[in-house]
Amino acid sequence: MANAIKELPAILLIDIFKSYGVGDNKIDALKQINLEIKKGEFLALCGPSGSGKSTLLNILSGLDQPTAGTNLFLNKALNELNENQLSMIRSQHLGFIFQFFNLIPVLSAFDNVFYPLILNGLYSKKIAKELTLHYLDSVGLYELYDRKPGQLSGGQQQRVAIARALANQPNVVVADEPTGNLDLATGEAILDLLMKINQDIGTTFIISTHSTQLKDRAKRVIEIKDGELIHDSVI
């Protein structure tokens, strides 16, 4: 039984549709999306602006609900859960990395990672401190733990955001253009770090990107256009 549970996919989307508006104003953002993402995958989600990438990320992470279809996350149907249950799933099993870092400017690197752990109520202060220092160290920022975002480079700020996403030890990390606000060399370094974490820990990464760097290096590439999946490199 334990082995069977271990083999379940991280995410399974079945006939997902997402529409906005009604009548002549109706927009079909996603059209019959079927997608299985296995645990431990490193997946790049590619497509032009307006293709449906962000909508798909929001649905698979439970931030939005589909108009129709089934969204299974770790074998739980997210479209059948209430908002409290969804919040619990996200706090325990999901990490998020954003293009513009979304760090709190008045807090140090340490506190930007530490306080979300405390607010989630999952760890004692002692354990939260240990996790914070461990993950800041894992992204190469242990010695800069007391610096505020304004005292860090863009790449260093993104490393803090990565530490924050990893600190609650999530099963899945969802990243929306994580290198889009960085120069080429810094973007490469961040990509190297994400791939190393994937290899060392086995965290599942789903990354929305325009970057050819990531598209060329990801283990799996999904392309979406006009709300439809048009390419999957594993098929």
Side-chain angles (χ1 to χ4, degrees), residues 5 7-83 85-99 165 170-180 194 198 202-212 214-235:
I5 294 174
E7 293 302 316
L8 290 170
I11 292 169
L12 182 61
L13 305 181
I14 304 170
D15 292 335
I16 293 290
F17 291 81
K18 180 63 179 181
S19 299
Y20 298 99
V22 295
D24 293 339
N25 296 319
K26 182 180 177 184
I27 298 174
D28 294 320
L30 296 176
K31 307 167 187 175
Q32 199 169 6
I33 300 292
N34 288 283
L35 179 64
E36 179 178 330
I37 301 173
K38 296 179 180 178
K39 293 178 181 178
E41 284 204 80
F42 192 96
L43 184 151
L45 177 62
C46 304
S49 296
S51 61
K53 297 193 305 298
S54 294
T55 301
L56 183 56
L57 286 184
N58 288 342
I59 285 176
L60 62 83
S61 58
L63 292 172
D64 198 1
Q65 294 288 2
T67 304
T70 301
N71 175 16
L72 296 175
F73 180 89
L74 299 178
N75 210 37
K76 293 181 173 62
L78 297 190
N79 45 306
E80 296 178 0
L81 303 181
N82 61 40
E83 189 52 46
Q85 292 169 320
L86 288 169
S87 294
M88 186 63 68
I89 292 285
R90 290 192 293 266
S91 67
Q92 293 182 354
H93 301 291
L94 274 160
F96 296 90
I97 305 171
F98 305 96
Q99 178 178 351
N171 301 86
V172 176
V173 170
V174 173
D176 195 359
E177 297 285 353
T179 63
L194 296 180
N198 170 257
T203 304
T204 305
F205 279 87
I206 305 165
I207 305 176
S208 169
T209 185
H210 288 102
S211 168
T212 55
L214 179 56
K215 188 175 178 180
D216 290 341
R217 296 180 60 187
K219 297 175 184 177
R220 182 181 180 189
V221 177
I222 298 286
E223 294 190 45
I224 185 170
K225 182 179 180 182
D226 296 329
E228 297 181 283
L229 297 184
I230 61 171
H231 174 74
D232 187 339
S233 64
V234 303
I235 295 177

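Along the sequence shown, residues are numbered consecutively beginning with 1.
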Do the non-hydrogen side-chain atoms of K26 and V22 ever get within less than 4.5 Å of each other?
-> no

From K219 atom NZ to K38 atom NZ, the distance as rounded to the nearest 0.5 Å | 12.5 Å

With sequence neighbours excluded, residues passing side-chain hydrogen bond (donor to acceptor under 3.5 Å, both in side chains) with S91 | none

Residues two or more places apart in sequence or in another chain: which of them pass salt bridge (charged side-chain N to carboxylate O under 4.0 Å, His left out) with D15?
-> none

Would you indicate whether the side-chain heavy atoms of I14 and I16 approach each other to under 4.5 Å?
-> no

side-chain hydrogen bond (donor to acceptor under 3.5 Å, both in side chains) with N79: which residues, sequence neighbours excluded?
-> none

Determine whether S61 and F96 make a side-chain contact, defined as any pair of heavy atoms from C-beta on separated by less than 4.5 Å.
-> yes

If you look only at pairs with a residue in residues 69-79, which of them pass as a salt bridge (charged side-chain N to carboxylate O under 4.0 Å, His left out), with sequence neighbours excluded?
-> none

Of all residues at least two apart in sequence or in a different chain, which pass the side chain to side chain contact (heavy atoms under 4.5 Å, CB included) check with N25?
-> none

Atom OG1 of T55 and atom NZ of K53: how far apart are they, to the nearest 0.5 Å?
-> 10.0 Å

Please tell me if the side chains of I206 and L57 come closer than 4.5 Å, counting only heavy atoms from C-beta onward.
-> yes

Q99: partners by side-chain hydrogen bond (donor to acceptor under 3.5 Å, both in side chains), with sequence neighbours left out | none

Residues in ring-ring contact (aromatic ring centres under 6.0 Å, His included) contact with F42, at least two apart in sequence or another chain = F205

Any side-chain heavy atom of L229 within less than 4.5 Å of one from I33?
-> yes

Counterpart residues, side-chain hydrogen bond (donor to acceptor under 3.5 Å, both in side chains), relative to N171 (two or more places apart) = H93

By salt bridge (charged side-chain N to carboxylate O under 4.0 Å, His left out), K18 pairs with (sequence neighbours left out) D64

Evaluate the side-chain proximity of L13 to N34: yes if any heavy-atom separation is below 4.5 Å, no if none is.
-> no

For I230, the side chain to side chain contact (heavy atoms under 4.5 Å, CB included) test, sequence neighbours excluded, returns E223, K225

Set of side chain to side chain contact (heavy atoms under 4.5 Å, CB included) partners for E80, sequence neighbours left out = A77

Residues N198 and T203: side-chain donor-acceptor under 3.5 angstrom | no

Any residue meeting side chain to side chain contact (heavy atoms under 4.5 Å, CB included) with L86, in chain and number order, not counting sequence neighbours = Q65, L78, L81, E83, R90

Should the heavy atoms of other residues, nucleotides or ligands under 6.0 Å from NZ of K31 be counted, would the total exceed 12?
-> yes

Under a 4.5 Å cut-off applied to non-hydrogen side-chain atoms, are L194 and L214 in contact?
-> no

In I97, L60, N58, I11, the residue satisfying side chain to side chain contact (heavy atoms under 4.5 Å, CB included) with V174 is L60

